[in-house]
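Notes for the one structure printed next.
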Amino acid sequence: MRKFKLMFDKDKEIEWLNAMCQNGWALKRFKYGLYTFEPCVPGEYVFDTDLNDNVLTLSSGYRELLKEMDIEFLCCSGFWFLVRRKASYGPLELYTDYESKMASTARSATCSRPSPSWSFS
């Protein structure tokens, strides 16, 4: 299934992706507002997003780290990347210590997106 949706709030986007997964549709690809979903067991995955470490790309070192944490890299889109992990592994947290979480929040604030969203199914 494909859905076109322009999301400008990363937290709302992740909330929506996780809700889609709860309904049996897991994100597989994303490009220019077009989300491609595949059928899954409801709630099979959890999703997250963050800023790329190399401006428009994600370094191979970061990808390896994600792989070691059983996190599947899905795609880069602009300055951001999307990942998913099996929900059976527990919550998906890219940053687990306070300093890293604060640094991520500060970086995200510099690349914040306006909050409206449009969708077409």
Side-chain angles (χ1 to χ4, degrees):
M1 170 180 47
R2 292 185 180 168
K3 285 186 173 266
F4 181 80
K5 189 173 185 101
L6 297 175
M7 298 290 290
F8 297 99
D9 181 316
K10 73 180 193 82
D11 296 326
K12 287 182 181 178
E13 179 180 30
I14 295 308
E15 187 178 298
W16 177 67
L17 292 174
N18 286 322
M20 289 292 294
C21 189
Q22 288 296 328
N23 290 322
W25 294 100
L27 179 68
K28 184 63 179 169
R29 282 188 290 294
F30 171 81
K31 194 74 162 180
Y32 306 118
L34 185 62
Y35 294 81
T36 303
F37 294 90
E38 63 184 358
C40 70
V41 173
E44 183 175 358
Y45 297 100
V46 289
F47 296 86
D48 205 353
T49 187
D50 194 23
L51 290 168
N52 294 319
D53 62 344
N54 282 338
V55 185
L56 296 176
T57 62
L58 195 62
S59 69
S60 59
Y62 199 160
R63 289 180 193 221
E64 264 312 301
L65 178 63
L66 292 172
K67 190 174 183 178
E68 289 172 15
M69 296 169 52
D70 297 312
I71 298 172
E72 180 184 355
F73 169 79
L74 295 173
C75 63
C76 286
S77 179
F79 296 105
W80 300 87
F81 68 91
L82 285 161
V83 293
R84 73 181 183 183
R85 185 170 74 174
K86 294 274 188 176
S88 60
Y89 290 120
L92 173 51
E93 293 185 65
L94 294 174
Y95 302 99
T96 55
D97 62 283
Y98 178 77
E99 291 81 15
S100 297
K101 286 180 182 181
M102 293 306 296
S104 171
T105 301
R107 282 183 318 168
S108 294
T110 62
C111 288
S112 65
R113 305 180 266 188
S115 60
S117 68
W118 301 277
S119 69
F120 306 93
S121 298

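As a basis for the values below, the full set of heavy atoms in this structure was taken, side chains included, without hydrogen atoms, waters or symmetry mates.
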*Is the side chain of Asn52 donor-acceptor paired with the backbone N or O of Asn54 at a distance under 3.5 Å, no angle test?*
no

_Any heavy-atom pair between the side chains of Trp25 and Pro39 that's under 4.5 Å?_
yes

*For the residue pair Phe47 and Cys21, what are the closest heavy atoms and their distance?*
CE1-CB, 3.8 Å

*Report the residues that fulfil side chain to side chain donor-acceptor pair (under 3.5 Å) with Glu72, sequence neighbours left out, ordered by chain and then residue number.*
Arg84

_Heavy-atom pair with the smallest gap, counting every atom of Asn18 and Val46_ = OD1-CA, 3.4 Å

*Using the six-membered ring of Trp80, assess whether NZ or CZ of Lys10 lies under 6.0 Å from its centre and within 45 degrees of the ring axis.*
no

*Do you know which two heavy atoms are closest between Thr49 and Leu94, and how far apart they sit?*
O-CD1, 4.2 Å

*Shortest non-hydrogen contact between Met69 and Glu93, atoms and distance*: CE-O, 4.2 Å

_Hphob cluster co-occupancy, Val41 + Leu92, side-chain heavy atoms under 4.5 angstrom_ = no

*Supply the atom-to-atom distance Phe81 CZ to Leu74 CG, rounded to the nearest 0.5 angstrom.*
10.5 Å

*What is the minimum heavy-atom distance between Cys76 and Arg63, and which atoms define it?*
SG-NH2, 4.4 Å

*Should Ser59 and Asp53 be marked as a side chain to side chain donor-acceptor pair (under 3.5 Å) after you check the CA-CA gap, both sets of side-chain angles, and the distance that decides it?*
CA-CA 7 Å; Ser59 69; Asp53 62 344; 2.6 Å; yes

*Those residues that, when tested against Glu44, pass side chain to side chain donor-acceptor pair (under 3.5 Å) (two or more places apart)*: Lys86

*Would you call Leu17 and Asp48 a side-chain contact if the rule is heavy atoms closer than 4.5 Å?*
no

*asked:* Just verifying a value: how many Å separate Leu27 CG and Lys3 NZ, rounded to the nearest 0.5 Å?
replied: 12.5 Å

I'd like a table of donor-acceptor pairs (distance under 3.5 Å, sequence neighbours excluded) in which one partner is a side-chain atom from residues 29-37, with atom names and distances.
residue	atom	partner	partner atom	Å
Tyr35	OH	Glu13	OE2	2.6

*Nearest 0.5 Å, what's the CE-CE distance between Met20 and Met1?*
3.5 Å

*asked:* Hydrophobic clusters here meaning ILVMFWY residues chained together by side-chain heavy-atom distances under 4.5 Å, can you tell me if Tyr45 and Tyr89 are in one?
replied: no

